[in-house]
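Start at 1 with the first residue, then count along the sequence. Below, all heavy atoms of this structure are taken into account, side chains as well, without hydrogens, waters or symmetry copies.
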Amino acid sequence: MSKIQMKNPVVEMDGDEMTRVLWQWIKEDLILPFVDLKTEYYDLGLVNRDKTDDQVTVDAANANKKYKVGVKCATITPNAQRVEEYKLKQMWKSPNGTIRRILDGTVFRAPILAKGITPYIPGWKKPIVLARHAYGDVYSGVETQVKQGNKAYLVVEDEQGGVVEKLLIHDFRESDGIVQSIHNLDKSIASFARSCFNYALDVKMPLWFATKDTISKKYDHHFKDIFAEIYDKEYKEKFAAAGIEYMYTLIDDAVARIVRSEGGILWACKNYDGDVMSDMVATAYGSLGLMTSVLVSPDGNYEFEAAHGTVTRHYYKHLKGEETSTNSVATIFAWTGALAKRGELDGTPELCAFAKKLEQATVATIESGKMTGDLIPLFHADGIVPQKLDSRAFLKAVAARMQ
């Protein structure tokens, strides 16, 4: 069988720990037998990020802007324990945060539905798509510890260094403490809003946007105002014609509404809110391993990734030669998403068709009762007894369906 040809490469961003192992197996078992794969490779493993002073992450993001499509493996965002474990030069920031800041896009996450995997919230009959702003908030925050007796201020200067505004954050006269600043840009918020409105129109889903503007009367309220202004000027008539609605509400009210809903909603959140809520939604649908994630920028760049972490516990079992049963579905779908988008942009429908068939084969393997251990407790289907497969055996089972 001749392999499917690619016109342009996908930017390939390798990662860490068990997902790095799965990354190579997915290529060997599910992609390379069928596709003459073209990638521009960047090693975003923590060791190489430290070696290059994290320049490799910046290079990968810029390559994504050049080639328009990237696929990223899960990576470690180091904490103090990781700094010691890997003997790092410093506590490097999240590579996801760096890439999202450079591409200035919106992350859309949606559950991968399979018959037999019933959501923990039984009323959810349709997908809930989480739109996460991919710039600013704590991911670009500046923070420090403050000694007792010191004061912390928020200071704004003009271009000449003159003080425009100086606000007391806190007088730490009673105790040591901590302080943090966050920021955002009108340009980025507007891009986020338009990405959400356009996506809602594409998928014909009502859009809900939620912040906490009653508490954050400047920061969060500014998000609310920009969304409202863009919606009224550019999208109100389009939404009416499409028969869908846009609604703003407080984040706590949105959570309550989402839990009571049947799904079928595009839920837009700020960066940190989206980070937390996407994991909540994914877990409630069954598993973080059954969640797609794509970063979409206003100028047409796409970066596909798995929504979960690097599966550290399984990795150390793997290093000992012990068997693991690690869910690779989200990483498979990161690859299929990137290949499908590459095929769409390059006018190679056979590549798009391959990506679709690989997704169908992956879901069909689970629905037949063959799956990794994390899905066993979630699977209930009449007449089917689920079979636990190890990490590689699951990929082989999917490959057999592809053959």
Side-chain angles (χ1 to χ4, degrees), residues 49 52-55 57-59 61-62 65 77-78 80 89-107 132-196 209-234 248 250-251 268-275 295 297-299 301:
R49 277 184 277 142
T52 64
D53 293 333
D54 209 30
Q55 182 62 40
T57 307
V58 175
D59 293 343
N62 287 325
K65 294 179 74 171
T77 299
K89 299 172 186 174
Q90 61 175 272
M91 196 180 301
W92 302 107
K93 289 192 173 184
S94 162
N96 287 342
T98 298
I99 294 166
R100 290 165 187 165
R101 183 168 60 253
I102 292 172
L103 295 184
D104 187 23
T106 297
V107 178
R132 173 186 171 188
H133 189 209
Y135 178 84
D137 291 352
V138 297
Y139 304 89
S140 302
V142 177
E143 53 192 14
T144 189
Q145 293 180 313
V146 182
K147 292 295 184 181
Q148 183 177 355
N150 291 344
K151 296 178 181 179
Y153 292 91
L154 177 62
V155 179
V156 180
E157 296 181 346
D158 60 24
E159 293 182 358
Q160 289 73 42
V163 175
V164 175
E165 191 172 21
K166 182 178 180 180
L167 303 172
L168 176 66
I169 297 173
H170 191 72
D171 183 344
F172 290 84
R173 68 180 68 182
E174 297 179 357
S175 170
D176 291 357
I178 49 178
V179 66
Q180 179 188 69
S181 70
I182 60 174
H183 78 279
N184 231 291
L185 302 175
D186 285 10
K187 177 184 176 182
S188 183
I189 299 169
S191 295
F192 173 44
R194 290 189 176 93
S195 294
C196 292
F209 177 51
T211 71
K212 193 68 172 178
D213 67 287
T214 52
I215 302 299
S216 177
K217 298 182 186 298
K218 292 284 181 71
Y219 192 95
D220 281 20
H221 207 292
H222 200 56
F223 274 81
K224 176 184 176 182
D225 290 343
I226 289 176
F227 263 73
E229 180 181 357
I230 291 175
Y231 176 71
D232 289 339
K233 288 183 178 179
E234 302 176 28
Y248 172 81
L250 295 174
I251 185 71
C269 294
K270 294 188 307 161
N271 206 348
Y272 180 80
D273 294 341
D275 191 0
L295 175 70
S297 71
D299 51 351
N301 296 303

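Contact annotation: the side chain of Leu295 approaches that of Arg100 to within less than 4.5 Å [non-hydrogen atoms, C-beta and beyond]. Side-chain contact between Pro95 and Thr77 is present, with at least one heavy-atom pair separated by less than 4.5 Å. Using a 4.5 Å cut-off on side-chain heavy atoms (C-beta onward), Thr57 and Trp92 make no contact. A heavy-atom distance below 4.5 Å is found between the side chains of Tyr135 and His183. Residues Leu168 and Lys151 meet the side-chain proximity criterion, which asks for heavy atoms closer than 4.5 Å.
The main-chain N or O of Gly161 is found under 3.5 Å from a side-chain atom of Asp158 such that the two form a donor-acceptor pair. In this structure, the side chain of Asp176 engages the main chain of Gln148 through a donor-acceptor pair within 3.5 Å. With Asp275 contributing its side chain and Asn271 its backbone, the two residues share no donor-acceptor pair below 3.5 Å. A donor-acceptor pair is defined here as one N or O able to donate and one able to accept, closer than 3.5 Å; no such pair exists between the side chain of Asp220 and the backbone of Thr214.
Atom NZ of Lys89 sits in a crowded spot, with more than 12 heavy atoms from other residues, nucleotides or ligands closer than 6.0 Å. Heavy-atom contacts from other residues, nucleotides or ligands closer than 6.0 Å to CG of Leu154 number more than 12. Within 6.0 Å of the CD atom in Gln90, the count of heavy atoms belonging to other residues, nucleotides or ligands exceeds 12.
Closest of all the heavy-atom pairs between Ala268 and Phe209 is O-CD1, 3.3 Å. Taking each heavy atom of Ala152 and Val179 in turn, the nearest pair found is CB-CG2, 4.1 Å. Of all the heavy atoms in Ile251 and Cys269, the pair that sits closest is CD1-SG, 4.3 Å. Across every non-hydrogen atom of Ala193 and Ile230, the tightest pair is CB-CD1, 4.0 Å. Heavy-atom minimum distance, Val107 versus Ala134: CG2-CB, 4.0 Å. Taking each heavy atom of Phe192 and Arg132 in turn, the nearest pair found is CE1-C, 4.0 Å.
Residue Asp137 holds its CG atom at 5.0 Å from NZ of Lys270, rounded to the nearest 0.5 Å. Atoms CG and NZ, on Asp299 and Lys65 in that order, are 6.5 Å from each other to the nearest 0.5 Å. Here the straight-line distance linking atom CG of Leu103 with atom OG1 of Thr98 works out to 11.0 Å at 0.5 Å rounding. Here the NZ atom belonging to Lys212 is positioned 10.5 Å from the NZ atom belonging to Lys217, to the nearest 0.5 angstrom. Interatomic distance, Asn184 CG to His222 NE2, rounded to the nearest 0.5 Å: 9.0 Å.
Screening Thr106, Leu185, Asp104 against Ser191 for a side-chain contact (heavy atoms from CB on, under 4.5 Å) leaves a single residue, Asp104.
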For this session: Under the side chain to side chain contact (heavy atoms under 4.5 Å, CB included) rule, what do Glu143 and Ile178 come out as? Steps first, then yes or no, please.
Result: CA-CA 7 Å; Glu143 53 192 14; Ile178 49 178; over 6 Å; no
For this session: Please report the C-alpha distance between Ser216 and Thr211 in whole Å, then the side-chain angles of each, then the deciding distance to 0.1 Å, and finally whether the side chain to side chain contact (heavy atoms under 4.5 Å, CB included) criterion is met.
Result: CA-CA 9 Å; Ser216 177; Thr211 71; over 6 Å; no
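A donor atom on one side chain and an acceptor atom on the other are not found under 3.5 Å apart for Ser94 and Asn96.
His133 has its ring centre no less than 6.0 Å from the ring centre of Tyr272. Residues Phe223 and Tyr219 place their aromatic rings such that the two centres sit under 6.0 Å apart.
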